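Basis for what follows: all heavy atoms, side chains included, without hydrogens, waters or symmetry-related copies. Source: prediction; values computed, not measured. Below, chain A is the first sequence line, B the second, and so on; all start at residue 1.
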Amino acid sequence: VFVCNAVVSMYGRCGELGSARQVFEEMCQSGVFDLVSWNSIVAAYLQNADSKGALLLFDRMTRMGDVEIRPDAVSIVNVLPACASLGLWLHGKQVHGFAIRSGLFEDVFVGNSLVDLYAKGGMMNEANKVFERMQEKDVVSWNAMVTGYAQSGQFDYALSLFEKMREDDIELDVVSWSAVIASYAQKGLGCEALDIFREMLLCGVKPNEVTLLSVLSGCASVGALLQGKETHCFAIKCILRTIQSDPGFEVSVINSLVDMYAKCKSFDQARALFQLLAPEERDVVSWTTLIGGYAQHGDANDALDLFARMIKENEFLKPNAFTISCALMACARSNALSFGRQIHAYIIRNHYDLT
RNA sequence: UUCUUACUACCC
């Protein structure tokens, strides 16, 4: 069982959901499975962004009525983020009730997942209730609260909670810092984001890919080319093309650099970085970033050329609503009515959902 | 052997 559970988990992590499911079903057929098997297959669905599948499996698990297979803390912690991502708040509340009834609420992970569930739903009163009732809190509990306040528009609460973390001598980790930097960056307060970033470095906390994405977004929002370049150097030293970094994150960091340079009107730099990505590495964000950069801060005709290239060069990469809106903005700026009509026709031809 | 928190692209 141990070995098969590990195999299910391994396939899940490698993105081989089908194989994970197959091994799991074979285990069920032969009756060789335990709670960990169920938790592993549910986790595999979550890791592959299939919350619906995860919930369906969880339901099947609870409906079996097997006394050996009662949900434990791990099961709860699997199912709560699935509820959150699907917006099933009522379902989440039911799981909350179950956690209390079964004594699993004492578990820090369970408490943290509940805080996060309510925070993601903008129900900060509920989140705070859970937070206050938790006997044992850790840095994750605090981080989830700070992020929840920031994302529900209660930015002052987020900041004062962050201050309180420091007063209470809670060891701030890279997530705590990145969350605050991201919050400032999302509000377009690039200078404040950079201030927090500097403080983070002074405290000796090492930034990761996510931190850099927010820092660069902050630089971009205020056109801070100098700080953007510094961040670029940092990225080269610590993230880009290094052994331990995830290639997916690398593309994201390069996309952010393209965005930063474009918004600082350094289009040669932006384009050079874009070209640093192999054609097959470029994703929708890479294209949209550069198209949007030209559309708003540069020559709108360049934006339109890029849009045409995007469609021609990679038939598997579909422009999304962001891309289209950037392209249309470029048409408007350069009075390109006929190109605009072509895009209009493209939208209709490809059945874009206009909601 | 399984689990929780931060993140990049349009306009406003």
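To the nearest 0.5 Å, atom NE2 of residue H96(A) and atom CD of residue Q94(A) are 12.5 Å apart. For the atom pair F33(A) CZ and I41(A) CD1, the distance stands at 13.0 Å (nearest 0.5 Å).
If you measure from atom CZ of R13(A) to atom P of U1(B), you get 11 Å, rounded to the nearest angstrom. To the nearest angstrom, C1' of U2(B) lies 15 Å from CG of L80(A). Whole-Å rounding puts the M61(A) CE to C3(B) C1' distance at 12 Å. Here U4(B) presents its P atom at 8 Å from CZ of F109(A), a figure rounded to the nearest Å. Atoms CG (L257(A)) and P (C7(B)) sit 19 Å apart, rounded to a whole Å. Put simply, CG on L172(A) is 13 Å from C1' on A6(B), counting in whole angstrom units. The interatomic distance linking Q151(A) (CD) with C7(B) (P) rounds to 5 Å, in whole Å. Distance CZ (F2(A)) to P (U1(B)): 9 Å, rounded to an integer number of Å.
Backbone-only engagement by Q47(A) is indicated by non-hydrogen atom pairs under 4.0 Å involving sugar-phosphate atoms exclusively. Using a 4.0 Å heavy-atom cutoff across all strands shown, S325(A) reaches at least one base atom of the nucleic acid. Nucleic acid contact for N208(A): base, since at least one base atom lies under 4.0 Å from a heavy atom of the residue. Within 4.0 Å of K120(A), counting heavy atoms only, lie sugar-phosphate atoms of the nucleic acid but no base atom. Within the 4.0 angstrom heavy-atom criterion, base atoms lie near T288(A). Counting any heavy atom pair closer than 4.0 Å across all strands shown, S40(A) reaches sugar-phosphate atoms only and no base atom. Within 4.0 Å (heavy atoms only), N255(A) reaches at least one base atom of the nucleic acid. Heavy atoms of D34(A) sit nowhere under 4.0 angstrom from any nucleic acid atom. Within the nucleic acid shown, S252(A) comes within 4.0 Å of at least one base atom, counting heavy atoms only. No contact: E209(A) has no heavy atom under 4.0 Å from any strand.
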side-chain contact (heavy atoms from CB on, under 4.5 Å) between S51(A) and Y45(A): does it pass, once the steps are laid out? CA-CA 7 Å; S51(A) 299; Y45(A) 273 77; over 6 Å; no

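A cation-pi contact, defined as under 6.0 Å to the ring centre and within 45° of the axis, is absent between R133(A) and F105(A).
Taking the ring centroids of F131(A) and W142(A), they lie under the 6.0 Å cut-off.
A donor-acceptor pair shorter than 3.5 Å can be found between the side chains of S141(A) and N112(A).
Here the side chain of V74(A) is nearest to one of U2(B), C10(B), A6(B), namely U2(B). In this structure, of U2(B), A6(B), C10(B), it is U2(B) that holds the atom nearest to the side chain of S9(A). In this structure, of U1(B), U5(B), A6(B), it is U5(B) that holds the atom nearest to the side chain of A144(A).
Judged by distance alone with a 3.5 Å cut-off, no donor-acceptor contact links the side chain of D173(A) to the base of A6(B). A donor-acceptor contact under 3.5 Å is not formed by the side chain of S214(A) with the base of C7(B).
Side-chain N/O atoms of K187(A) include none lying less than 4.0 angstrom from OP1 or OP2 on C12(B).
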